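Worksheet: one structure, shown below.
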Amino acid sequence: MTTDAFATRLLAWFDVHGRHDLPWQHPRSPYRVWLSEVMLQQTQVATVVPYFLRFVDALPDLPALAAASPDRVLALWSGLGYYSRARNLQAAAKLCLEFHGGELPRSVDALAALPGIGRSTAAAIASQSWNDRHAILDGNVKRVLARFHGVDGWPGAPAVERRLWSFAQAHVDDAALAPDRLADYTQAQMDFGATLCTRSRPACVDCPLQIDCIAFAEGRQNELPTPRPARTLPRRSAVLLVLRNDAGDVLLQRRPPTGVWASLWSLPQFEDEAGAVSWLGRHAVDAEESMWLDDIAHGFSHYHLTLRPRLHRLAGATRIADADSGWVTQSDIASLGVPAPVRTLLNRLFEN
DNA sequence: AAGCCGGGGTA
DNA sequence: TACCCAGGCTT
């Protein structure tokens, strides 16, 4: 199983072609590795880099993260998506302060017991922070192993995923993989999948694993890994109320603690126009002027959403703010967690 | 096992 | 448009 020298060939490739200047590598601390790994869940490197730099500048260590207000953390996450990652991140920081002396725990099992850290992320943190010998299995590794070992079937299927984990474990257990190179090996797998063994048009001519790669031998590198089974996503629509008062401020509401965009600040949202009209009537809102703005198309992983914003300019003093809503200025919005399409809409609004 | 949870890059 | 990405949590 390990005679293919998978790990050592990958490391030799990494020394020449790997990425050695990512921001979380300099300096490389457990806190920065952890933050980067969570940000990188289902999110590409180029997207993460500016968010990572802003986050560590604002909250440079674990105690600072634990002590920050939840709204501050969500604001720093705003635009990255999957906001439960941010909530879990802070919850984990508080657990570390309470149970682990203010640091990340030193074992993968204790890491994986923290919210937001699963098996692969725990292994990535431990190997990169302390050179611990643990296998990772992220999207990159799944693709590389599916090709190298010729594994058929969608990697998201549990049976396929179990096979891929066993291959990943066998490679990391290779005695030829030096104990001081586990951090590099983890990074090498990610870099290899992200830059050479890419989803489309992999650079097989430059591949150090080519002679043992089953997909290449069978000419199936463009067919593996097997794509996810097709699914047609449902379409939904919603009406957003853009209320502006005399001062030009906009009314934002905190969203419910569960569901999409949980606990973020957004515009009042309704299933349809009737719901919006009813809400306006209940709050005795008297619009001086109103108009429909351009629709916003927004895609989620499980449905498509069309947002239909309706602008109302309100006359006179309107008192509809409470603990979960308030009138905000353009500069207020910068410090709040706001869904990306709503932030785009508000930025356009304030420019006019 | 399947559904939920964002946003952006890419072909 | 459709798919994928340094996944994990909930049911």
Side-chain angles (χ1 to χ4, degrees), chain A residues 18-19 22 24-25 32-52 74 77-89 91-92 111-125 127-128 135-144 146 154-162 164-165 168 183 186-195 197-201 222 225-235 255-264 266 296-305 307 337-344:
Chain A
R19 295 177 289 194
L22 295 168
W24 40 90
Q25 297 173 326
R32 291 164 63 92
V33 168
W34 169 44
L35 176 62
S36 72
E37 288 300 330
V38 173
M39 283 188 167
L40 286 160
Q41 289 169 358
Q42 299 295 291
T43 312
Q44 296 180 352
V45 168
T47 301
V48 163
V49 167
Y51 285 90
F52 176 85
L74 280 177
W77 210 270
S78 183
L80 257 187
Y82 283 134
Y83 298 94
S84 64
R85 293 185 293 175
R87 282 187 292 277
N88 286 333
L89 195 76
L111 285 169
L114 294 170
I117 301 180
R119 178 177 174 181
S120 186
T121 298
I125 294 169
S127 63
Q128 300 220 20
I136 62 165
L137 189 67
D138 57 21
N140 286 314
V141 180
K142 285 177 177 175
R143 181 172 56 256
V144 172
W154 175 51
V160 178
E161 190 171 328
R162 277 194 297 275
L164 295 173
W165 267 117
T186 289
Q187 187 65 44
Q189 295 172 83
M190 298 171 177
D191 290 357
F192 183 75
T195 67
C197 195
T198 49
R199 180 165 68 95
S200 61
R201 299 196 307 169
N222 293 319
T226 305
R228 177 194 192 104
R231 46 177 183 168
T232 55
L233 299 182
R235 298 183 170 281
R255 291 183 54 82
T258 59
V260 174
W261 298 330
S263 299
L264 270 66
S266 187
I296 303 169
H298 190 73
F300 291 100
S301 49
H302 51 309
Y303 64 91
H304 294 289
L305 181 63
L307 294 169
V338 177
V342 175
R343 188 179 293 283
T344 301

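Just so it is clear, the structure is predicted and the values come from calculations on it, not from any experiment. First the proteins, then the strands, lettered A, B, ... as listed; each starts at 1.
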Value in whole Å for how far the [atom2] atom of [N] lies from [atom1] of [X]:
{"X": "Arg231(A)", "N": "dG3(B)", "atom1": "CZ", "atom2": "C1'", "value": "10 Å"}
{"X": "His304(A)", "N": "dC5(B)", "atom1": "NE2", "atom2": "C1'", "value": "15 Å"}
{"X": "Asp191(A)", "N": "dC5(C)", "atom1": "CG", "atom2": "C1'", "value": "15 Å"}
{"X": "Trp261(A)", "N": "dC4(B)", "atom1": "CH2", "atom2": "C1'", "value": "15 Å"}
{"X": "Leu137(A)", "N": "dG8(C)", "atom1": "CG", "atom2": "C1'", "value": "13 Å"}
{"X": "Ile125(A)", "N": "dG7(C)", "atom1": "CD1", "atom2": "C1'", "value": "12 Å"}
{"X": "Arg87(A)", "N": "dG6(B)", "atom1": "CZ", "atom2": "P", "value": "7 Å"}
{"X": "Leu80(A)", "N": "dG6(B)", "atom1": "CG", "atom2": "P", "value": "12 Å"}

Touch class at under 4.0 angstrom, heavy-atom based, for [X] against every strand present:
{"X": "Ala124(A)", "answer": "nothing"}
{"X": "Phe300(A)", "answer": "sugar-phosphate"}
{"X": "Gly193(A)", "answer": "nothing"}
{"X": "Val45(A)", "answer": "base"}
{"X": "Arg143(A)", "answer": "sugar-phosphate"}
{"X": "Gln187(A)", "answer": "base"}
{"X": "Ser84(A)", "answer": "nothing"}
{"X": "Arg235(A)", "answer": "sugar-phosphate"}
{"X": "Leu22(A)", "answer": "base"}

| request: On DNA chain B, check which nucleotide each of Ala159(A) and Val338(A) is closest to and give me the residue with the more 5' one. | output: Ala159(A)
| Start at the 5' end of DNA chain B and walk down; is the nucleotide closest to Ser301(A) or to Arg162(A) reached first? | Arg162(A)
| query | Does the dA6(C) base have a donor-acceptor partner in the side chain of Arg19(A) within less than 3.5 Å? | reply |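 It does, because a donor-acceptor pair links the side chain of Arg19(A) to the base of dA6(C) below 3.5 Å.
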| Between the side-chain atoms of Thr43(A) and the base atoms of dG6(B), is any donor-acceptor pair under 3.5 Å? |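 Indeed there is one.
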Taking the same atom, [atom1], in [N] and in [M], what whole-Å distance lies between them?
{"N": "dC4(C)", "M": "dG6(B)", "atom1": "C1'", "value": "14 Å"}
{"N": "dA6(C)", "M": "dA11(B)", "atom1": "P", "value": "14 Å"}
{"N": "dC5(B)", "M": "dC5(C)", "atom1": "C1'", "value": "14 Å"}

| request: Establish, for the pair Arg119(A) and Trp165(A), whether the NZ or CZ atom is under 6.0 angstrom from the six-membered ring centre and no further than 45 degrees off its axis. | output: yes
| query | Hey, does the side chain of Thr186(A) reach the backbone of Ser127(A) with a donor-acceptor pair shorter than 3.5 angstrom? | reply | no
| note | Residues Ala124(A) and Val33(A): closest non-hydrogen pair is O-CG1, 4.3 Å
| said: Using every non-hydrogen atom in the two residues, find where Gly193(A) and Asn140(A) come nearest and quote the distance to one decimal. | reply: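 Smallest interatomic distance, heavy atoms only, reads C-OD1, 3.3 Å.
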Strictly below 4.0 Å: does [X] bring a side-chain N or O up to OP1 or OP2 of [N]?
{"X": "Tyr83(A)", "N": "dG7(B)", "value": "yes"}
{"X": "His302(A)", "N": "dC5(B)", "value": "yes"}
{"X": "Arg228(A)", "N": "dG3(B)", "value": "no"}
{"X": "His298(A)", "N": "dG7(B)", "value": "yes"}
{"X": "Thr121(A)", "N": "dG8(C)", "value": "yes"}
{"X": "Trp24(A)", "N": "dA6(C)", "value": "no"}
{"X": "Gln44(A)", "N": "dG8(B)", "value": "no"}

| field | Given dG6(B), dC3(C), dA1(B), the nucleotide with the shortest approach to the side chain of Ala230(A) | value |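 Of the candidates, dC3(C) comes closest.
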| Minimum-distance nucleotide (side-chain atoms of Met190(A) versus dA6(C), dA11(B), dC5(B)) | dA6(C)
| query | Passes ring pair (Phe, Tyr, Trp, His ring centres under 6.0 Å), Tyr51(A) versus Trp77(A)? Steps please. | reply | CA-CA 7 Å; Tyr51(A) 285 90; Trp77(A) 210 270; 8.0 Å; no
| task | Please determine, by modelled atom types, if Arg85(A) and Thr43(A) share a side-chain donor-acceptor pair under 3.5 angstrom. | result | yes
| said: Regarding Arg343(A) and Ser78(A), do their side chains bring together a donor and an acceptor under 3.5 Å, going by distance alone? | reply: yes
| query | Which class fits the ring pair Phe300(A) and Tyr303(A): parallel under 30°, tilted 30 to 60°, perpendicular over 60°? | reply |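 Geometry flag for Tyr303(A) against Phe300(A): tilted rings.
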| Of Pro225(A) and Arg85(A), whose nearest nucleotide on DNA chain C comes first from the 5' end? |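 Closer to the 5' end of DNA chain C: Pro225(A).
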